[in-house]
Visitor: 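One structure is given below, represented as structure tokens, and several questions about it will come after.
Just so it is clear: chains get the letters A, B, ... in the order the sequence lines come, proteins before strands, and each one is counted from 1.
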There are 2 protein chains.
Amino acid sequence: MSKKNGESTPKNTLGMDVSVDCVVFGFDNDTLKVLLIEQKQPDTIHLKTQKAVPGDLVLDNESLDEAAKRILQELTSLKGIYLKQFHAFGDPNRVRGLKDQQWLRTFRVNPERRVLTIGYYSLVKLSEFKPKAASFAGHTYWVDVYNIPSLAFDHNEIVHKALLMLRHELMADHIGFELLPEKFTLSQLQKLYEIILDKKLDKRNFRKNILRTETVTALEEKQQGVLHKPAQLFTKK
Amino acid sequence: MSKKNGESTPKNTLGMDVSVDCVVFGFDNDTLKVLLIEQKQPDTIHLKTQKAVPGDLVLDNESLDEAAKRILQELTSLKGIYLKQFHAFGDPNRVRGLKDQQWLRTFRVNPERRVLTIGYYSLVKLSEFKPKAASFAGHTYWVDVYNIPSLAFDHNEIVHKALLMLRHELMADHIGFELLPEKFTLSQLQKLYEIILDKKLDKRNFRKNILRTETVTALEEKQQGVLHKPAQLFTKK
DNA sequence: GATACTTCGTGTGCTAAATACACTTTCAAA
DNA sequence: TTTGAAAGTGTATTTAGCACACGAAGTATC
């Protein structure tokens, strides 16, 4: 926000579109997953389908956080989802790949227009997740975060950076339970940490640490229907 | 980046301007400072001057990092300045304050247009800093980060968040020396840490920690011209 | 050249946290 | 009752954090 030179020659640029892209993480007790959308193409054209992270243009009177929340709620009816802005991606040519352009032409007024995107990641409880019917044109599905296919735009980079940020925040703020059901065992939590951080942890030390941070509390309840000693259930806070 | 519904009705928004704002930190051996610009107003109008962090609109073919670099180089001729993107500020009304609008009208084609800004912070060696003459309309000056006046737009919030992010990164990555001259003593470095983190540190433990991280190396040289035992000089890496 | 002044530079003991490591317990199923 | 499978727990060792005080190396002054 600076004024160049003394003269009052107004200064401007063409501006750009701004979007929000959400890297939605989920955990199924075995793998850390990311939610992708595969867009159906109008069937007259036989383009290869494009896979992408859910996102949308920011509306004219909407803050970034509001836009991210809206995008998530178009996918799921969950409220109170954990959401965090993590980076702005501003390469001037990030939507100018050939396939990206062909795709954008099918639904944007100005497909060649520059788009800045703000990356958010969110943590959802996979157990409670139900994709809203027909909310998006394409269907949604989960893929292993360590085995992401080739995505539209710079979305591979966005997912990769989201994972790095998630790791940092997991260590700093112990937000892991956001990915688990309301009630969970410490073993589930440990496995989640191990998969996100991509390394094995010692069971006893892990429990000591988690209990010391006091981000979870023990319930009176135990796991049921398992064919081994049932674990105590915990819940957040 | 999502297509709503099956139909091919193109979707769009009015777009917005995108700017980059740089919170430039400097250290003068006593206080942590932030660089501000005070804009001269056309003298026909007697508005109060506006103080702000340096920033500018992102040009049409410029990445965010490039824009930040350009803004910094309009202020100083230093190369290789430490620069880090830390947050996007997207409140739809963040430039719509009364005084902000009066000011913007003096140099923007569309002063009421929404502006998204990407916050960067940068670390400069105050000793080597020479503001470029007449580079900006207003004059630049340094203020104590703990005593920032009222700024234009949401720049107070931007500075505040930049400081928080700087603290985190200082602890994690030990980038403190970026604010010091090429050659510095460990006492200088410690004082810098104390001021950024806003707490006292123990001398012996601080030294142990810094030397263990191996982010600095000792020179053969000693401080000169001090009226006490001269300290050993260090340099980065 | 002795003295005063100021910051530099260092070592140790104590406490707290991080790590490594293995066996018994509890339940369901066969 | 035996088997299987994960749960749950304690201790010893190592490493990091922290509090603490004094001699050393220069400059300035008299």
Side-chain angles (χ1 to χ4, degrees), chain A residues 27-31 167-168 170-174 176-177 180-235, chain B residues 27-31 167-168 170-174 176-177 180-235:
Chain A
F27 180 64
D28 72 351
N29 279 320
D30 260 318
T31 50
R167 280 183 186 158
H168 276 128
L170 183 66
M171 298 303 283
D173 301 343
H174 292 286
F177 49 74
L180 294 176
E182 278 312 320
K183 300 172 181 179
F184 52 86
T185 69
L186 292 187
S187 293
Q188 282 178 289
L189 189 62
Q190 181 180 341
K191 190 155 186 189
L192 171 60
Y193 273 64
E194 290 178 338
I195 288 168
I196 293 179
L197 302 176
D198 203 20
K199 65 175 175 190
K200 282 217 75 69
L201 301 173
D202 178 79
K203 181 161 54 157
R204 280 179 274 201
N205 298 330
F206 177 79
R207 292 161 104 94
K208 257 185 283 181
N209 287 334
I210 289 296
L211 295 176
R212 188 166 34 76
T213 63
E214 296 181 336
T215 49
V216 300
T217 53
L219 298 170
E220 295 299 290
E221 228 169 314
K222 290 192 168 182
Q223 222 180 6
Q224 290 194 341
V226 289
L227 51 159
H228 54 75
K229 174 171 176 179
Q232 180 159 51
L233 290 172
F234 287 76
T235 192
Chain B
F27 181 63
D28 72 352
N29 279 320
D30 260 318
T31 50
R167 280 183 186 158
H168 275 127
L170 183 65
M171 298 304 283
D173 300 343
H174 292 286
F177 50 73
L180 294 176
E182 278 312 318
K183 300 172 182 180
F184 52 85
T185 69
L186 292 187
S187 294
Q188 281 178 290
L189 189 62
Q190 181 180 342
K191 190 156 188 187
L192 170 61
Y193 273 64
E194 289 179 338
I195 288 169
I196 293 179
L197 303 176
D198 203 20
K199 65 176 176 189
K200 281 217 75 71
L201 301 173
D202 178 81
K203 180 161 56 156
R204 279 180 272 204
N205 298 330
F206 178 78
R207 284 167 181 253
K208 256 187 284 181
N209 288 333
I210 290 295
L211 295 176
R212 188 165 35 77
T213 63
E214 296 182 335
T215 50
V216 299
T217 52
L219 298 171
E220 295 298 292
E221 229 169 314
K222 290 191 168 183
Q223 224 179 4
Q224 291 194 340
V226 289
L227 50 161
H228 55 74
K229 175 172 174 179
Q232 182 159 49
L233 290 171
F234 287 76
T235 192

Visitor: Does dA18(C) have its OP1 or OP2 closer than 4.0 Å to a side-chain nitrogen or oxygen of N209(A)?
Guide: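 Result: yes.
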Visitor: Which listed nucleotide (dT9(D), dC8(C), dA28(C)) is nearest to the side chain of A231(B)?
Guide: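 Comparing dT9(D), dC8(C), dA28(C) against the side chain of A231(B), the answer is dC8(C).
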Visitor: If I compare all heavy atoms of K183(B) with all of E221(B), which pair ends up nearest, and what's the gap?
Guide: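 K183(B) and E221(B) have their closest heavy atoms at NZ-OE1, 2.9 Å.
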Visitor: N29(A) CG to dA6(D) P: how many Å, rounded?
Guide: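 That distance rounds to 13 Å.
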Visitor: Atom CG of L211(B) to atom C1' of dA16(D): distance rounded to whole Å?
Guide: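 Those two atoms, CG and C1', are 15 Å apart.
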Visitor: So, OP1 or OP2 of dA7(D): does either fall under 4.0 Å of a side-chain N or O from S187(A)?
Guide: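 Looking at the OP1 and OP2 atoms of dA7(D), one of them is under 4.0 Å from a side-chain N or O of S187(A).
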Visitor: Can you measure L201(A) atom CG to dC21(C) atom C1' for me and round it to whole angstrom units?
Guide: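 Value for this atom pair: 15 Å.
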Visitor: Can you tell me how far apart CG (L197(A)) and CG (L192(A)) are? Round to the nearest 0.5 Å.
Guide: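 The CG atom of L197(A) sits 8.5 Å away from the CG atom of L192(A).
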Visitor: Is there a side-chain contact between L189(A) and F206(A) in this structure, where contact means two heavy atoms from C-beta onward sitting under 4.5 Å apart?
Guide: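 Yes, close enough: below the 4.5 Å cut-off.
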Visitor: Does any donor-acceptor pair link the side chain of K208(A) with the base of dT11(D) at a separation under 3.5 Å?
Guide: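 Donor-acceptor pair under 3.5 Å: yes.
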Visitor: Polar atoms only, N or O, under 3.5 Å: list the protein pairs with nucleotides 23-25 of chain D and their distances.
Guide:
{"residue": "dA25(D)", "atom": "N3", "partner": "K229(B)", "partner atom": "N", "Å": "3.4"}

Visitor: Do the side chain of R204(A) and the base of dA22(C) come within less than 3.5 angstrom through a donor-acceptor pair of N or O atoms?
Guide: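 Under the 3.5 Å cut-off, the side chain and the base do form a donor-acceptor pair.
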Visitor: Quick check on dA16(C): is either OP1 or OP2 less than 4.0 Å from any side-chain nitrogen or oxygen of R212(A)?
Guide: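 So the side-chain polar atoms of R212(A) never come under 4.0 Å of the phosphate oxygens OP1 or OP2 of dA16(C).
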Visitor: Pick the nucleotide of DNA chain C nearest each of L186(B) and N205(B); which residue has the one closer to the 5' end?
Guide: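 In this pair, the answer is L186(B).
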Visitor: Rounded to the Å, how far apart are K200(A) NZ and dA18(C) C1'?
Guide: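 Taking atom C1' of dA18(C) as the reference, NZ of K200(A) is at 19 Å.
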Visitor: Can you tell me the distance, in whole Å, between the CG atom of L233(B) and the C1' atom of dG26(D)?
Guide: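 That distance rounds to 14 Å.
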Visitor: Atom NE2 of H174(B) and atom OH of Y193(B): how far apart are they, to the nearest 0.5 Å?
Guide: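 Between atom NE2 of H174(B) and atom OH of Y193(B) there are 5.0 Å.
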Visitor: Over how many whole Å does the gap from K203(B) atom NZ to dG11(C) atom P extend?
Guide: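 These atoms are roughly 13 Å apart.
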Visitor: Can you name the closest pair of heavy atoms from P230(B) and Q223(B) and give their distance?
Guide: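 Shortest heavy-atom contact: CB-O, 3.2 Å.
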Visitor: Separation of F184(B) atom CZ from dT7(C) atom P, in whole Å?
Guide: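 After rounding, the reported distance stands at 20 Å.
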Visitor: More 5' along DNA chain D: T185(A) or D202(A), using each one's nearest nucleotide?
Guide: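 It is T185(A) whose nearest nucleotide is closer to the 5' end.
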Visitor: Quick check for you: among dT9(D), dC21(C), dG9(C), whose closest atom lies nearest to any side-chain atom of Q232(B)?
Guide: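 Between dT9(D), dC21(C), dG9(C), the one nearest the side chain of Q232(B) would be dG9(C).
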Visitor: Looking at every heavy atom in both D28(A) and T31(A), which two are closest together, and how far apart are they?
Guide: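 For D28(A) and T31(A), the tightest heavy-atom pair comes out as OD1-N, 2.7 Å.
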Visitor: Just how far, in rounded Å, is P of dA16(D) from CZ of F206(B)?
Guide: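 Those two atoms, CZ and P, are 17 Å apart.
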Visitor: Should the side chain of R207(B) and the base of dG9(C) be counted as holding a donor-acceptor pair, with the cut-off at 3.5 Å?
Guide: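 Answer no: no donor N or O sits under 3.5 Å from an acceptor.
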Visitor: For a quick test of reading the model, state the closest non-hydrogen atom pair linking I195(B) to D30(B) and the distance between them.
Guide: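 Looking at all heavy atoms of both residues, the shortest contact is CD1-O, 2.8 Å.
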Visitor: Specify the closest pair of heavy atoms between F177(A) and V216(A), including all atoms of both residues, with the distance to one decimal.
Guide: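 That would be CD2-CG1, 4.1 Å.
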Visitor: How would you label the contact of Q223(A) with the nucleic acid (heavy atoms, under 4.0 Å): base, sugar-phosphate, or nothing?
Guide: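 Nothing: the residue Q223(A), judged by heavy atoms under 4.0 Å, touches no strand.
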